[in-house]
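Each remark here refers to the structure printed beneath this line.
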Amino acid sequence: MLDIKLIREQGERVHTQLNRRGPGTSKALDQLVEIDARRRDALNKSQTLKNKKKTLSAEVGKLKKQGQNADALMAEVKQINAETDECDGKAGDLEAQVRSTLLNIPNIPSDSTPEGTDESQNREVRKWGEKPAIDFTPKNHLELGESLGLLDLKRAAKISGSRFAVFKGQGAALLRALVQFMLNTQTRENGYEELYPPVLVNEDSLIGTGQLPKFEEDLFKLRDDKLYLIPTAEVPVTNYHRDEILPEESLPVKYAAYTLCFRREAGSYGKDTQGIIRQHQFDKVELVKFVKPEHSYDELEKLVTDAESILQKLKLHYRVVSLCAGDLGFSAAKTYDLEVWLPSQNTYREISSCSNFTDYQARRAMIRYKSKDGGKSELVHTLNGSGLAAGRLFVAVLENFQQADGSIRIPEPLQPYLGGLEVISS
RNA sequence: GGAGAGGUGGCCGAGCGGUUGAAGGCGCACGCUUGGAAAGCGUGUGUAGGCUUAUACCCUACCGAGGGUUCGAAUCCCUCCCUCUCCGCCA
């Protein structure tokens with residue numbers, strides 16, 4: 001949520017910056033300032049009336065105590081009440097309008113976010129490692145997974161439908177090893193505290209991080225309870241500190257959380273239908289940080305480095321991409337994607353997305369910090385990034401470490417998690 | 001799911017229709033005291049919104065949430081949520 005004061009005072013700038021996401025993005029701002037002015041007007045009237053009412057009511061109390069008649073005053077207060085109700089109603093309606101408008105306006109892109117309208121204009125920041133030397137026609141992860149008995153999508157479709165997978169045998173063990181390896185790295189080497197949160201969350205949490213009210217159709221919702229399945233651990237972990245004031249000296253607060261994630265993938269029909277790249281249910285280790293505003297962009301760089309450390313340890317070739325304004329997520333001010341090399345597709349595919357949300361989520365979720373030497377509490381900046389998506393990492397391992405005979409070489413750091421297993425073969 | 005108890009400031013805990021944003025205590029901050037510390041004494045110590053150059057004053061709201069009764073509600077009534085205890089069920 002953007003600051004209404006900022007919109008009030010620097011409307012032109014906000015318009016310009018929002019429209020970097022695409023023409024017309026700032027349209028919702030148009031009437032906002034005027035509605036807000038009317039809101040404050042009604043509020044002021046109501047408050048003046050309430051003040052008068054309070055004084056008179058106290059008078060009534062005094063008179064009654066002295067056994068005197070207070071009928072005239074009581075009638076007057078009744079009259080004021082009618083007016084107050086009207087003002088309150090008006091102010092309430094206007095406030096609801098302002099809030100719902102604000103909830104549907106995305107974050108302002110950072111100055112360092114590149115210009116551009118879509119994915120094709122994202123800017124490559126750096127590359128790491130090299131493409132694997134494969135001197136045969138590489139198989140894709142589905143062929144490899146099925147022939148080695150690691151994946152069973154046919155039966156998954158029978159059990160649940162399309163975009164679901166069963167990981168089997170050494171495939172299931174490999175997925176588990178990847179999760180374990182990522183969690184250990186992030187908690188033991190990169191300084192994150194582990195959290196294992198619920199995957200069902202309430203509406204307030206989803207409003208807090210920005211999935212609601214605008215993106216309800218992307219979420220799985222329970223029929224009989226007001227709960228949703230999380231699309232990412234960002235939701236429960238960021239909301240862990242919703243409505244809290246954190247002590248300044250605790251910042252930055254850093255959490256790593258492994259959860260299942262659930263996405264309806266509405267509107268992605270026909271995209272990545274083969275294999276397990278795009279699933280309704282997938283595993284992910286998420287990194288979330290709460291930081292002081294002045295550090296958030298430095299913290300974003302570190303967050304990216306922490307996510308990269310997993311790929312580097314596994315010696316997987318990847319590149320870092322800075323998303324352009326048009327490709328930026330709703331709540332983000334700046335985002336780096338990590339894209340891992342997939343030999344079968346001869347391209348880089350997203351495996352992590354690391355974002356700085358500045359104070360946008362913090363304002364929605366009311367997450368603040370207060371310095372030890374008093375002063376006003378201020379909104380924190382929130383960040384998060386995948387560290388990493390386990391299903392896609394599974395794909396990358398299969399494809400990049402495949403050998404001519406169809407077997408998979410297990411990267412050394414993973415071997416301890418698989419009882420010393422060095423190769424998966426049929 | 002059934003029965004009962006309860007949700008008040010950072011914490012504990014009073015208040016149960018009238019100057020109560022809320023007694024008292026603890027904690028915390030600052031000051032005095034001290035060689036230093038403790039104790040003691042004093043002062044201060046919530047959030048949001050409005051107004052404002054102002055994180056000064058002033059005003060409004062907030063005692064789980066939302067409604068209602070009343071001139072007036074933390075206090076009375078209704079609905080919902082959450083916590084605890086017992087029973088049932090269950091991993």
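All chains are named by letter (A, B, ...) in the order of the sequence lines, taking the proteins before the strands, and each is independently numbered beginning at 1. Values below: every heavy atom of this structure, side chains too, minus hydrogens, waters and symmetry copies.
- A sub-4.0 Å separation between OP1 or OP2 of B:G50 and a side-chain N or O of A:R39 is present.
- Applying the 4.0 Å criterion to OP1 and OP2 of B:U60, one finds that A:N51 has a side-chain N or O inside that range.
- With contacts defined as side-chain heavy-atom distances shorter than 4.5 Å, the pair A:L174/A:L398 qualifies.
- Across B:G88 and B:C80, the matching C1' atoms stand 24 Å from one another, rounded to whole Å.
- B:G9 sits 13 Å from B:G25 when the C1' atoms are compared, rounded to a whole Å.
- Contact check for A:D306 versus A:Q186: side-chain heavy atoms found under the 4.5 Å cut-off.
- When both pairing distances are held under 3.5 Å, B:U70 makes no Watson-Crick or G-U pair with any nucleotide shown.
- Side-chain contact check for A:D337 and A:S353: at least one donor-acceptor pair (N or O, by modelled atom type) lies under 3.5 Å.
- Pair assignment for B:C16 gives none, since no Watson-Crick or G-U wobble pairing has each distance under 3.5 Å.
- The 12-atom threshold is not exceeded at CZ of A:R176, counting heavy atoms of other residues, nucleotides or ligands nearer than 6.0 Å.
- Rounded to the nearest Å, the gap between the C1' atom of B:C32 and that of B:A48 is 36 Å.
- Side-chain polar atoms of A:N384 and A:T238 form no donor-acceptor pair below 3.5 angstrom.
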Close N/O contacts between protein and nucleotides 71-75 of chain B (under 3.5 Å):
unit_1: B:C71; atom_1: OP2; unit_2: A:K78; atom_2: NZ; d: 3.4
unit_1: B:C71; atom_1: O3'; unit_2: A:N81; atom_2: ND2; d: 3.4
unit_1: B:C71; atom_1: O2'; unit_2: A:S57; atom_2: OG; d: 3.0
unit_1: B:G72; atom_1: OP1; unit_2: A:N81; atom_2: ND2; d: 2.9
unit_1: B:G72; atom_1: O4'; unit_2: A:S57; atom_2: OG; d: 3.3

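- Between the P atom of B:C58 and the CG atom of A:N44 lies a distance of 17 Å, rounded to the nearest Å.
- Distance A:E203 CD to B:C81 P: 15 Å, rounded to the nearest Å.
- Remark: B:G9 base-pairs with no nucleotide in the shown strands. Criterion, Watson-Crick or G-U wobble with two distances under 3.5 Å.
- Atom CG in A:L43 sits roughly 12 Å away from atom P in B:U60 (whole-Å rounding).
- Taking the nucleotide of RNA chain B with the nearest heavy atom to each of A:K62 and A:M366, the more 5' of the two is matched to A:K62.
- Under the Watson-Crick or G-U wobble criterion, with both distances below 3.5 Å, B:C80 is paired with B:G64.
- Taking every side-chain heavy atom of A:R40 into account, B:C51 is the closest of B:G49, B:A48, B:C51.
- Around atom CD of A:E119, no more than 12 heavy atoms belonging to other residues, nucleotides or ligands sit under 6.0 Å away.
- Side-chain contact between A:S100 and A:L103: absent, with no pair of heavy atoms (C-beta onward) separated by less than 4.5 Å.
- Rounded to a whole Å, the CD atom of A:E249 is 13 Å from the C1' atom of B:G10.
- Protein atom NZ of A:K90 is 21 Å distant from nucleotide atom P of B:U60, rounded to whole Å.
- Checking the phosphate oxygens (OP1, OP2) of B:C59, no side-chain nitrogen or oxygen of A:S46 falls inside 4.0 Å.
- For B:A54, there is no paired nucleotide, since no Watson-Crick or G-U wobble pair has both relevant distances below 3.5 Å.
- The nucleotide whose nearest atom lies closest to any side-chain atom of A:K50 is, among B:U60, B:C51, B:G46, B:U60.
- For the C1' atom pair drawn from B:G1 and B:C78, the interatomic distance equals 23 Å after rounding to whole Å.
- Here B:U70 presents its P atom at 15 Å from CG of A:D71, a figure rounded to the nearest Å.
- B:G27 and B:U45 make up a base pair, with Watson-Crick or G-U wobble contacts both under 3.5 Å.
- Regarding contacts with the backbone of B:A61, a side-chain N or O of A:K54 is found under 4.0 angstrom from either OP1 or OP2.
- For the P atoms, the distance from B:C63 to B:C58 is 22 Å, rounded to whole Å.
- A salt bridge does not link A:R264 with A:E217: none of the charged nitrogens is closer than 4.0 Å to a carboxylate oxygen.
- The side-chain heavy atoms of A:Q361 and A:E234, taken from C-beta on, include a pair separated by under 4.5 Å.
- Base pairing annotation: B:G1 forms a Watson-Crick or G-U wobble pair with B:C87, both donor-acceptor distances under 3.5 Å.
- Rounded to the nearest Å, the gap between the C1' atom of B:C77 and that of B:C84 is 25 Å.
- Here the separation of B:C16 from B:C11, taken at their C1' atoms, is 23 Å to the nearest Å.
- When both distances must be under 3.5 Å, the Watson-Crick or G-U wobble mate of B:U34 does not exist.
- Using a 30° and 60° split on the angle between ring planes, A:F330 and A:Y360 fall in the perpendicular class, above 60°.
- Here the separation of B:G67 from B:U55, taken at their P atoms, is 30 Å to the nearest Å.
- The NZ atom of A:K52 sits 14 Å away from the P atom of B:U60 (whole-angstrom rounding).
- In this structure, CG of A:L63 is placed 15 Å from P of B:U19, rounded to the nearest angstrom.
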